[in-house]
Protein chains: 2
Amino acid sequence: MANNEESHGDPVNEVRSLSSVPKAVVGRLSLYLRELQNLLRQGNDTVSSTKLGKALGFSDAQVRKDLAYFGQFGYPGIGYRCEELVAEIKKIMGTDRHWAVALIGCGNLGRALLGYRGFFQKGFKIAAAFDVDPSKTVGQFEGIPVYDIEELGTIAKQHQIRLAILAVPAAAANLVAEKVAAAGITGIMNFAPVTLNSIEGVSAVGVDLAIELEQLCYSVVKSNDNNLS
Amino acid sequence: MANNEESHGDPVNEVRSLSSVPKAVVGRLSLYLRELQNLLRQGNDTVSSTKLGKALGFSDAQVRKDLAYFGQFGYPGIGYRCEELVAEIKKIMGTDRHWAVALIGCGNLGRALLGYRGFFQKGFKIAAAFDVDPSKTVGQFEGIPVYDIEELGTIAKQHQIRLAILAVPAAAANLVAEKVAAAGITGIMNFAPVTLNSIEGVSAVGVDLAIELEQLCYSVVKSNDNNLS
DNA sequence: ACATGTGAAGTAGTTCACAGCC
DNA sequence: GGCTGTGAACTACTTCACATGT
């Protein structure tokens with residue numbers, strides 16, 4: 001029994017869409033994109049729904065249905081042209097352009113995220129970092145200037161920042177989220193271990209690393225139980 | 001239209017269970033646990049399914065149904081006793097005990113995770129770190145010793161390590177995952193931006209921070225579209 | 001022969017609504 | 001009156017299977 005799998009956990013990370021496209025579909029789209037880029041790097045020009053699905057643990061029908069929400073991208077008898085599909089999915093996700101991002105909270109995790117290459121590769125650039133601690137707001141980390149949180153509004157306007165990464169303590173998260181919204185930012189990636197209060201016109205995804213590990217823990221314990229029987 | 005929400009993205013983080021409990025339920029269980037602990041800290045002894053659900057954006061029925069998969073924990077007319085329910089959920093998740101964890105890959109992200117408090121608070125202790133780079137394997141970070149990856153088997157046995165956090169480059173991830181499995185570790189939290197090949201008897205959750213941000217990006221773009229119409 | 005796109009069928013997850021209990 | 005636990009109804013998602021295209 002192959003107990004391994006990378007499918008999607010569910011409410012551990014948190015987004016809701018308004019439209020008729022199921023959020024599960026959008027989640028898989030990101031995985032398709034990632035896999036397609038890997039395939040391209042390995043020199044593949046085209047890929048079939050069967051192959052793409054198999055690589056990610058989904059059925060071929062699932063792949064085709066998911067893509068069908070957004071258009072007809074395939075070629076019967078051929079499959080999908082990787083480069084083309086990459087471009088399409090990027091357009092759908094909104095990552096066909098560059099995004100300026102604010103990082104708020106320069107603690108352990110915050111500083112690591114400043115140096116994280118993965119964001120940049122997807123077109124996200126952390127334009128500025130913020131903190132409340134005066135000892136941090138003097139300089140810069142990883143070449144990114146650190147400002148006092150009160151300057152968020154000004155700097156956000158200057159750099160046209162539309163997304164914020166929150167790496168602040170749980171107790172401060174909701175207050176900071178309000179400031180972020182007030183600065184005209186409409187997307188928040190929240191690393192604090194609390195569910196943010198909903199803010200009109202602002203989308204949020206929560207990423208709780210400890211919860212993610214806890215989910216893994218459940219799988220491990222569960223699979224042990226099953227193997228005994 | 002309140003476009004904010006922290007519900008669960010779907011296949012962005014990746015777990016599959018064998019049993020009949022939907023993975024979505026297990027995901028929400030972690031959120032209930034987190035909220036219950038916050039409620040306790042605020043001095044609440046009991047909570048109703050309505051209140052708990054409202055705090056997280058779920059219906060009262062959802063909360064009750066989710067918990068009903070595991071037993072009867074509530075008191076009609078009263079609700080749920082927070083402390084009691086916390087203990088129950090911890091037991092279900094397997095976090096009622098302590099877990100020794102190996103961290104593999106001491107780059108930017110890896111080192112930040114070594115210092116991340118959230119894991120410890122849930123009972124996870126990073127007992128040892130590993131890397132291939134000899135310049136890193138001499139010392140320690142955050143008080144945690146760093147070993148050469150080849151020592152994984154020995155050290156894992158010594159510390160009874162059952163979980164591993166992979167913070168290695170994408171190109172190395174699958175190879176390292178094999179070594180992890182060979183060391184007798186049965187749970188992998190994968191930060192590398194690839195879907196790991198399935199390994200017999202090993203559970204994996206994938207956490208791709210860039211994908212998480214991409215999902216947020218989609219929500220923001222989408223909600224913009226909707227507001228125009 | 002191979003692969004897409006899609007209606008139809010099937011499965012899984014969520015909400016309703018109410019009986020029973022405090 | 002407030003609240004849980006749960007069958008029944010409903011909704012959403014996934015898979016099937018095949019017509020169509022290369």
Side-chain angles (χ1 to χ4, degrees), chain A residues 5 7-12 14-29 31-32 36 39 44-82 84-85 88-89, chain B residues 5 7-12 14-29 31-32 36 39 44-82 84-85 88-89:
Chain A
E5 164 122 353
S7 71
H8 277 317
D10 211 51
V12 173
E14 317 167 13
V15 200
R16 177 163 69 171
S17 82
L18 302 166
S19 83
S20 53
V21 180
K23 61 185 172 8
V25 171
V26 182
R28 285 190 298 265
L29 233 46
L31 297 177
Y32 299 151
L36 284 164
L39 288 168
N44 299 272
D45 283 353
T46 66
V47 67
S48 67
S49 56
T50 308
K51 188 179 172 194
L52 184 53
K54 204 162 283 173
L56 298 168
F58 306 130
S59 72
D60 57 330
Q62 177 103 81
V63 173
R64 295 197 299 276
K65 262 277 155 72
D66 285 350
L67 296 173
Y69 277 99
F70 303 96
Q72 301 193 167
F73 308 125
Y75 301 88
I78 307 288
Y80 301 88
R81 299 201 204 288
C82 297
E84 205 175 294
L85 192 51
E88 291 289 353
I89 297 179
Chain B
E5 166 122 355
S7 71
H8 277 316
D10 209 52
V12 173
E14 316 167 12
V15 198
R16 179 163 69 170
S17 81
L18 302 167
S19 82
S20 54
V21 180
K23 61 186 171 6
V25 172
V26 182
R28 285 191 297 266
L29 234 46
L31 297 177
Y32 299 152
L36 284 164
L39 288 168
N44 298 273
D45 282 354
T46 67
V47 66
S48 68
S49 57
T50 307
K51 186 178 173 194
L52 185 53
K54 204 162 283 173
L56 299 167
F58 306 131
S59 72
D60 56 330
Q62 178 101 83
V63 173
R64 294 196 300 275
K65 262 277 156 75
D66 285 349
L67 295 173
Y69 277 99
F70 303 95
Q72 302 193 166
F73 308 125
Y75 301 88
I78 307 285
Y80 300 89
R81 300 202 202 286
C82 297
E84 203 175 295
L85 191 50
E88 289 291 352
I89 297 179

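Computed from a predicted model, the values in this text were never measured in an experiment.
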> For dT14(C) and R28(B) - does any side-chain N or O of the residue sit under 4.0 Å from the phosphate oxygens OP1/OP2?
yes
> For DNA chain D, whose closest nucleotide is more 5', that of A61(A) or that of L67(B)?
L67(B)
> Listing request: all side chain to side chain donor-acceptor pair (under 3.5 Å) pairs with a residue in residues 68-81 of chain A, at least two apart in sequence or in separate chains.
Y75(A)-E84(A)
> Could you tell me the separation between the OH atom of Y32(B) and the P atom of dT4(D), rounded to a whole number of Å?
12 Å
> Taking CZ from F58(B) and P from dT14(C), how many angstroms apart are they, rounded to a whole number?
9 Å
> Would you please confirm or rule out a distance under 4.0 Å between OP1 or OP2 of dG5(D) and any side-chain N or O of Y80(B)?
yes
> Using atom NZ of K51(B) as one end and atom C1' of dT4(D) as the other, report the distance to the nearest whole Å.
17 Å
> Does a side-chain N or O of S59(B) approach OP1 or OP2 of dT14(C) to a distance below 4.0 Å, or not?
no
> Does Q62(A) make a side-chain N or O approach to OP1 or OP2 of dT15(D) shorter than 4.0 Å?
yes
> Strictly below 4.0 Å: does Y75(A) bring a side-chain N or O up to OP1 or OP2 of dT20(D)?
no
> Out of dC13(D), dG21(D), dC3(D), which has the shortest distance to the side chain of P22(A)?
dC13(D)
> Given dG2(D), dG7(D), dT4(C), identify the nucleotide with an atom nearest to the side chain of K65(B).
dG7(D)
> Sequence neighbours excluded and cut-off under 3.5 Å, please list the side-chain donor-acceptor pairs for residues 51-60 of chain A, or say none.
residue, atom, partner, partner atom, Å
K51(A), NZ, N44(A), OD1, 3.2
S59(A), OG, Q62(A), N, 3.1
D60(A), OD2, R64(A), NH1, 3.3

> May I ask you to evaluate whether Q72(A) reaches the phosphate of dT6(C), defined as a side-chain N or O under 4.0 Å from OP1 or OP2?
yes
> Between P on dC3(D) and CG on L52(B), what's the gap in Å once rounded to a whole number?
13 Å
> How many whole angstroms separate atom CD1 of I78(A) from atom P of dG5(C)?
12 Å
> If every non-hydrogen atom of Y32(B) is compared with every non-hydrogen atom of V63(B), which pair is closest and at what distance?
OH-CA, 3.5 Å
> OP1 or OP2 of dC3(D) sitting under 4.0 Å from any side-chain N/O of S49(B)?
no
> With a non-hydrogen cut-off below 4.0 angstrom, is G74(A) in contact with a base, only sugar-phosphate, or nothing?
sugar-phosphate
> Return the value, rounded to whole Å, for the distance between atom OH of Y69(A) and atom C1' of dG7(C).
13 Å
> May I have the distance from D66(A) (atom CG) to dT6(C) (atom P), rounded to whole angstrom?
14 Å
> Nearest heavy-atom pair of G74(B) and P76(B): which atoms, and what distance?
O-CD, 4.0 Å
> Nearest-Å distance, CZ (R64(B)) to C1' (dT14(C))?
12 Å
> With nearest nucleotides of DNA chain D determined for P76(A) and D60(A) from heavy-atom distances, which residue corresponds to the more 5′ nucleotide?
D60(A)
> Locate the shortest heavy-atom distance separating L67(A) from F73(A); write the atom from each residue and the value.
O-CE1, 3.7 Å
